[in-house]
Amino acid sequence: MQPVRKKSRRRWARVLAVVTALLVAAVAGVSLAYPSVAAATCPGCYGLTELEEGVYGEAGMSDQQRAQVRQAVKGARERVADFYGGRVSSPTLLACVTEACYERIGGGKERGVAVLNRSVMLSPRGIDPVIASHEMSHVELHTRLESGVEIPQWFDEGLAVVVSDDARYLAPKPATDGRLTGNPADRCLTAPTGSLPVTLDQWLTAASKDAGTYAKSACAVSRWLHASGGRTALASLISRLNAGEPFPSLVPPP
């Protein structure tokens, strides 16, 4: 019986070797095809070190750069929590202070990006509360939505602009001392004309051709929020979407 046992052990050894090789190949494939996903899973594998729980920065950062990342993340979390009435999401934050680092973890020309609603990557041009809260808003919204719920991209992006209070795409908030004139409820810089992008592909195409796409979407969302009851309207919208009501029946097209 001893030879049979040896053959059995050799057979299992070969099986394990094949399985191990397949797993290694799969991990390598994911790392090559989706470095942003791999970086969020193993920040240290991409030269990132933990600055605080859930926040990773490029190795070799100066004390000033570390402080900048921490302040950006703190400010972004506060903006998201203030708008949504708390946070239910806790995305991993990956911050790079060099373009080489950002490219290594899968970034492109954008300032920042949310990855699979699990993590947020910030480029050297995006380490500030505005960009960070914009991307964190995407994660927060989709964490609150049930799986399978669909919303148009213009609403997702426009809401992120409102949450982040991005001055590039929204007029300043009304001053409490009344110094600002005009309609205090309308913060639009560019009113939406025609239909806005619904799918991600449509959004990427439109936004690459017209930077005003962000301002138009932010205007549409800002006006809807004001007309519908503000932040409580968003909470109601999320609840009704999760209950199965379709988005077009709840939010009229801009």
Side-chain angles (χ1 to χ4, degrees), residues 21-62 65-66 68-77 80 87 89-143 145 147 151 153 156-157 159-161 163-164 166 168 197 199-209 211 213-214 217:
L22 290 173
L23 288 173
V24 170
V27 171
V30 170
S31 298
L32 290 173
Y34 306 103
S36 55
V37 176
T41 303
C42 180
C45 300
Y46 286 78
L48 302 174
T49 59
E50 189 172 31
L51 304 182
E52 60 184 67
E53 185 177 359
V55 181
Y56 297 83
E58 183 176 352
M61 280 183 171
S62 66
Q65 289 170 327
R66 288 171 176 263
Q68 180 186 1
V69 172
R70 291 192 181 99
Q71 290 171 2
V73 173
K74 180 177 182 293
R77 286 171 173 167
V80 172
R87 289 190 303 118
S89 65
S90 55
T92 300
L93 274 292
L94 310 177
C96 286
V97 293
T98 65
E99 294 294 343
C101 165
Y102 195 59
E103 291 175 5
R104 186 167 59 249
I105 64 175
K109 300 301 182 182
E110 71 281 344
R111 294 172 183 263
V113 65
V115 181
L116 296 179
N117 302 315
R118 293 179 51 245
S119 63
V120 166
M121 304 193 322
L122 300 176
S123 77
R125 294 158 282 110
I127 302 177
D128 65 64
V130 173
I131 303 302
S133 59
H134 180 111
E135 302 306 331
M136 289 173 65
S137 174
H138 290 313
V139 179
E140 182 70 21
L141 176 61
H142 287 274
T143 299
L145 291 171
S147 176
I151 58 173
Q153 199 67 28
D156 197 347
E157 293 291 348
L159 180 63
V161 172
V163 172
S164 64
D166 195 329
R168 294 174 299 170
T199 68
L200 178 58
D201 287 342
Q202 290 173 347
W203 176 269
L204 294 175
T205 299
S208 65
K209 295 179 179 178
T213 305
Y214 279 95
S217 298

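Numbering of residues begins at 1 and proceeds along the displayed sequence. In what follows, every heavy atom counts, from backbone to side chain, and hydrogens, waters and symmetry copies are set aside. Please read all numbers here as calculations on a predicted model, not as lab measurements.
- Considering only heavy atoms from C-beta on, Arg66 comes within 4.5 Å of Thr49 through its side chain.
- The main-chain N or O of Ile127 is found under 3.5 Å from a side-chain atom of Gln68 such that the two form a donor-acceptor pair.
- Side chains of Ser36 and Leu94 form no contact here, defined as non-hydrogen atoms less than 4.5 Å apart.
- The backbone N or O of Val161 sits less than 3.5 Å from a side-chain atom of Ser164, completing a donor-acceptor pair.
- Minimum heavy-atom separation, Ala72 to Ala132: O-CB, 4.2 Å.
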Could you please spell out the steps behind the side chain to side chain contact (heavy atoms under 4.5 Å, CB included) verdict for Glu135 and Met121? CA-CA 8 Å; Glu135 302 306 331; Met121 304 193 322; over 6 Å; no

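- Here the closest heavy-atom approach between residue Ala206 and residue Thr213 is recorded as O-OG1, 3.4 Å.
- Atom CZ of Arg118 sits in a sparse spot, with 12 or fewer heavy atoms from other residues, nucleotides or ligands closer than 6.0 Å.
- Between the side chain of Ser123 and the main chain of Arg111, a donor-acceptor pair closer than 3.5 Å is present.
- Nearest heavy atom pair, residue Ser89 against residue Val139, reads CB-CG1, 3.9 Å.
- Ile151 has its side chain within reach of Leu141: a pair of non-hydrogen atoms, C-beta onward, lies under 4.5 Å apart.
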Would Gln153 and Gln202 count as a side chain to side chain contact (heavy atoms under 4.5 Å, CB included) here? Give the steps. CA-CA 8 Å; Gln153 199 67 28; Gln202 290 173 347; over 6 Å; no

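- Panel note: side chain Arg70, backbone Leu51; a donor-acceptor pair is recorded below 3.5 Å.
- Looking only at distances, a side-chain donor or acceptor of Ser208 sits under 3.5 Å from a matching main-chain atom of Leu204.
- Ala76 and Ser133 make their closest contact through CB-N, 3.4 Å (heavy atoms, listed as atom of the first residue, atom of the second, distance).
- Taken from CE in Met136 to OG in Ser119, the straight-line distance is 11.5 Å, to the nearest 0.5 Å.
- Rounding to the nearest 0.5 angstrom, the gap separating the CG atom in Leu159 from the NE2 atom in His138 is 8.5 Å.
- Although no hydrogens or angles enter the test, the distance criterion places a donor-acceptor pair under 3.5 Å between the side chain of Glu58 and the main chain of Thr98.
- In terms of heavy atoms, Ala207 sits closest to Tyr214 at CB-CE1, 4.1 Å.
- A donor-acceptor contact shorter than 3.5 Å links the side chain of Arg125 to the backbone of Lys109.
- Nearest approach of Arg104 to Tyr46, heavy atoms of both residues: NE-O, 3.3 Å.
- Here the straight-line distance linking atom OH of Tyr102 with atom CD of Glu110 works out to 3.5 Å at 0.5 Å rounding.
- Here the CD-OG1 distance, from Glu53 to Thr92, works out to 9.5 Å after rounding to the nearest 0.5 Å.
- Here the CG atom belonging to Leu48 is positioned 5.5 Å from the SG atom belonging to Cys96, to the nearest 0.5 angstrom.
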